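In what follows, every chain begins at residue 1, and chains take the letters A, B, ... in the order their sequences are listed. Since the structure is predicted, the reported quantities are computational estimates derived from the model, not experimental observations.
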Amino acid sequence: MFNDTLQDFDISGFQDDLVSWYKQNKRDLPWRENQDPYRVWVSEIMLQQTKVDTVIPYFYHFLEKFPTVYELAAADEQEVLKAWEGLGYYSRARNLQHAVREVVEQYDGEIPSTPEQLGSLKGVGPYTKGAILSIAFDQPEPAVDGNVMRVFSRVLKIEDDIAQARTKKQFEHYTRELISKEDPSSFNQAIMDLGATICTPKAPTCMLCPVNEYCRAFDAGIEEQLPVKSKAKKQKIVPYAALVIMNEAGQVAIEQRSEQGLLASLWQFPMIPLVEVGQDHMENWFRSQYGINITIGSKEGNVKHTFSHLKWNLDIYKAKTEHLTDGNNTLTFVNKEDLDKYPFPVSHQKIKNYL
DNA sequence: AATACGGGGCA
DNA sequence: TGCCCAGTATT
């Protein structure tokens, strides 16, 4: 199926040097305290596209609030989102709770340990499946993430575009061949630690690398040129007016976002899409949408926020209304002190400063 | 095969 | 700014 890349590669020597290095140098991380599959699972979901240092405080708090699958399954979704607030990719939290509920109902609370059952859970893709199977259940399954592709693209001198799906398949194939069958958990985590601390995206410190003698890119002096990755396209800029609307009771208006799409089910200050609505028509548009009159003051400031695929440019306005509710009950008027009970995206947490 | 989906840190 | 990060689901 694949070429002869692994011909003449000293697999057992590579495994031994990598795993011994890991055992002496592994990072002390909270989810490495034990092999509890639930802890491993939660950590792997949080770590998707997210740095270790960012995850650590969330992990502690989340495990304290939801120590086992049972507490998480029983929790209110808003509570789970609140615990995820600021971490991003909020569908991870929703999918995790959905999957945990399935584990409680279908598997009597025991996290399944077969690739088929585990991989069928919401939010558990090829990487997370392999990570849980290897780390929690000691099974020799590949867990191919960005680290693995970077490390092996260098070690094996693979010059295919790692942004392509078929390239990832290649790495899964090679990792399956290379992974230690005696200690797959240490092997997979060793690659991650190596990628995070030595085989870094820029300026890898090859002189400190425990497996540099096996590294074909290092041998050829092209480690900085790998991996090859095609560029992402630029984000579109989307302008909005964000409104901090106070009523005469001193309450502020917020609303919950749709259950689907961007920042699903999170809360926000009402926003007017300035692509469709002219500056002079904001109050009219608001009345047509929400059924109440508001008086918009002058612009108070601006918040820019970059997502992976778009940029929000938010002009902040303060506004007043005489109403205590809106026409269709889309808005919720809350006391300032109660704002922190609701999960807000980071962009709208910044708007709280204008209160 | 491409796109949607967050947010932070770093050169 | 642009790139990267312990990716997955949807189209």
Side-chain angles (χ1 to χ4, degrees), chain A residues 26-27 29-32 39-59 81 84-96 98-99 119-132 134-136 142-151 161-169 171-172 175 185 188-197 199-204 224 227-238 257-258 260-266 268 303-312 343-350:
Chain A
K26 65 177 167 186
R27 290 176 290 171
L29 301 172
W31 44 89
R32 286 178 175 170
R39 291 169 64 92
V40 174
W41 185 8
V42 171
S43 73
E44 290 301 341
I45 299 297
M46 287 187 169
L47 286 162
Q48 288 169 9
Q49 299 292 287
T50 311
K51 293 266 205 307
V52 164
D53 289 339
T54 304
V55 166
I56 289 175
Y58 283 91
F59 181 80
L81 286 173
W84 211 269
E85 184 184 52
L87 198 52
Y89 285 147
Y90 298 94
S91 67
R92 293 183 294 176
R94 292 151 55 88
N95 289 340
L96 175 61
H98 184 277
S120 76
L121 296 172
K122 206 75 137 195
V124 179
Y127 163 77
T128 305
K129 175 176 63 176
I132 296 173
S134 60
I135 298 171
V144 174
D145 65 344
N147 283 312
V148 173
M149 290 198 281
R150 184 172 60 258
V151 171
D161 181 3
I162 65 168
Q164 298 291 310
R166 63 173 175 277
T167 307
K168 189 177 170 184
K169 293 279 188 194
F171 283 105
E172 279 169 359
T175 307
S185 169
N188 278 345
Q189 295 186 84
I191 297 288
M192 297 171 198
D193 275 21
L194 191 66
T197 63
C199 197
T200 46
K202 282 170 236 173
E224 301 245 27
V228 172
K229 187 176 185 183
S230 53
K231 299 187 205 323
K233 60 174 199 178
K234 260 182 68 174
Q235 301 100 329
K236 283 215 183 338
I237 298 175
V238 189
R257 293 178 60 85
S258 156
Q260 301 177 58
L262 185 66
L263 305 168
S265 298
L266 271 68
Q268 67 179 11
V303 168
K304 294 183 199 310
H305 194 81
T306 304
F307 301 90
S308 15
H309 57 303
L310 54 88
K311 289 184 185 186
W312 275 358
F344 282 85
V346 168
S347 49
H348 282 252
Q349 290 177 36
K350 295 173 189 167

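- For A/R150, the side-chain atoms get nearest to C/dA6 when compared with the rest of C/dA6, C/dG2, B/dC5.
- Between B/dG7 and A/Y90, a contact under 4.0 Å exists linking OP1 or OP2 to a side-chain N or O.
- For the pair A/G123 and A/E44, both in contact range of DNA chain C, the more 5′-proximal nearest nucleotide belongs to A/E44.
- Note on A/D193 versus A/R27: salt bridge recorded, some NZ/NE/NH1/NH2 to OD/OE distance being below 4.0 Å.
- Closest contact between the side chain of A/R27 and the listed nucleotides B/dT3, C/dA6, C/dT8 involves C/dA6.
- In this structure, A/N95 places its CG atom 8 Å from P of C/dT10, rounding to the nearest Å.
- C/dA6 atom P lies 19 Å from atom NZ of A/K26, rounded to whole Å.
- Looking at heavy-atom distances under 4.0 Å, A/I45 makes no contact with the nucleic acid at all.
- Taking each heavy atom of A/E85 and A/F344 in turn, the nearest pair found is OE2-N, 2.7 Å.
- When distances are taken from the side chain of A/P126 to each of B/dC5, C/dT8, C/dA6, the shortest belongs to C/dT8.
- The two residues A/D161 and A/T167 have their closest heavy-atom pair at O-OG1, 2.7 Å.
- Considering only the side chain of A/T128, C/dT8 comes nearest among B/dC5, C/dA6, C/dT8.
- Note: CD (A/Q49) to P (B/dA4) measures 16 Å, nearest angstrom.
- Residue A/H305 places at least one side-chain N or O under 4.0 Å from the OP1 or OP2 atom of B/dG7.
- Among the protein residues, A/I135 comes within range of no part of the nucleic acid, since none of its heavy atoms lies under 4.0 Å from any strand.
- A/L266 places its CG atom 13 Å from the C1' atom of B/dG7, with the value rounded to the nearest Å.
- Within 4.0 Å of A/R32, counting heavy atoms only, lies at least one base atom of the nucleic acid.
- Distances were taken from every side-chain heavy atom of A/L29 (C-beta onward) to each of B/dC5, C/dC5, C/dA6; the shortest belongs to C/dA6.
- Between C/dG2, B/dG6, B/dA1, one nucleotide has an atom nearer to the side chain of A/R166 than all others, and that is B/dA1.
- A/Y89 places no side-chain N or O within 3.5 Å of a backbone atom of A/M46 that could act as its donor or acceptor partner.
- The two residues A/Q48 and A/G123 make their nearest non-hydrogen contact at NE2-O, 3.8 Å.
- Atoms CZ (A/R94) and P (C/dT10) sit 11 Å apart, rounded to a whole Å.
- Atoms CZ (A/F344) and P (B/dG7) sit 13 Å apart, rounded to a whole Å.
- Among the heavy atoms of the strands, none lies under 4.0 Å from A/G195.
- One cannot find a donor-acceptor pair under 3.5 Å joining the base of B/dG8 and the side-chain atoms of A/T54.
- Counting non-hydrogen atoms under 4.0 angstrom, A/V124 reaches the backbone sugars and phosphates but no base.
- One C1' atom belongs to C/dC5, the other to B/dG6, and the distance between them is 12 Å to the nearest Å.
- Ranking C/dA6, B/dA4, B/dG6 by closeness to the A/W31 side chain, first place goes to C/dA6.
- For the P atom pair drawn from B/dG8 and C/dT8, the interatomic distance equals 22 Å after rounding to whole Å.
- Remark: P of B/dA2 and CD1 of A/I162 are 15 Å apart, rounded to the nearest angstrom.
- Sequence order on DNA chain B of the closest nucleotides to A/R92 and A/K202 puts A/R92 first from the 5' end.
- When the side-chain nitrogen and oxygen atoms of A/H309 are compared with OP1 and OP2 of B/dC5, one or more of them lie within a distance under 4.0 Å.
- A close approach under 4.0 Å does not occur between any side-chain nitrogen or oxygen of A/Q48 and OP1 or OP2 of C/dA6.
- Two residues are said to be in side-chain contact when any heavy atoms from C-beta on lie closer than 4.5 Å; A/H305 and A/K350 meet this criterion.
- Which of C/dA9, B/dC5, B/dG8 sits closest to the side chain of A/Y89 comes down to B/dC5.
- A donor-acceptor distance shorter than 3.5 angstrom exists from the side chain of A/S43 to the backbone of A/V40, with no hydrogens or angles considered.
- In this structure, the nucleotide among B/dC5, C/dA6, B/dG8 sitting nearest to the side chain of A/K51 is B/dG8.
- No hydrogens or angles were tested; on distance alone, a donor-acceptor pair under 3.5 Å links the side chain of A/T50 to the base of B/dG6.
- Straight-line distance from the NZ atom of A/K169 to the C1' atom of B/dA1: 13 Å, rounded to whole Å.
- Proximity note for A/N147 (side chain, C-beta onward) versus C/dG2, B/dG7, C/dA6: the nearest is C/dA6.
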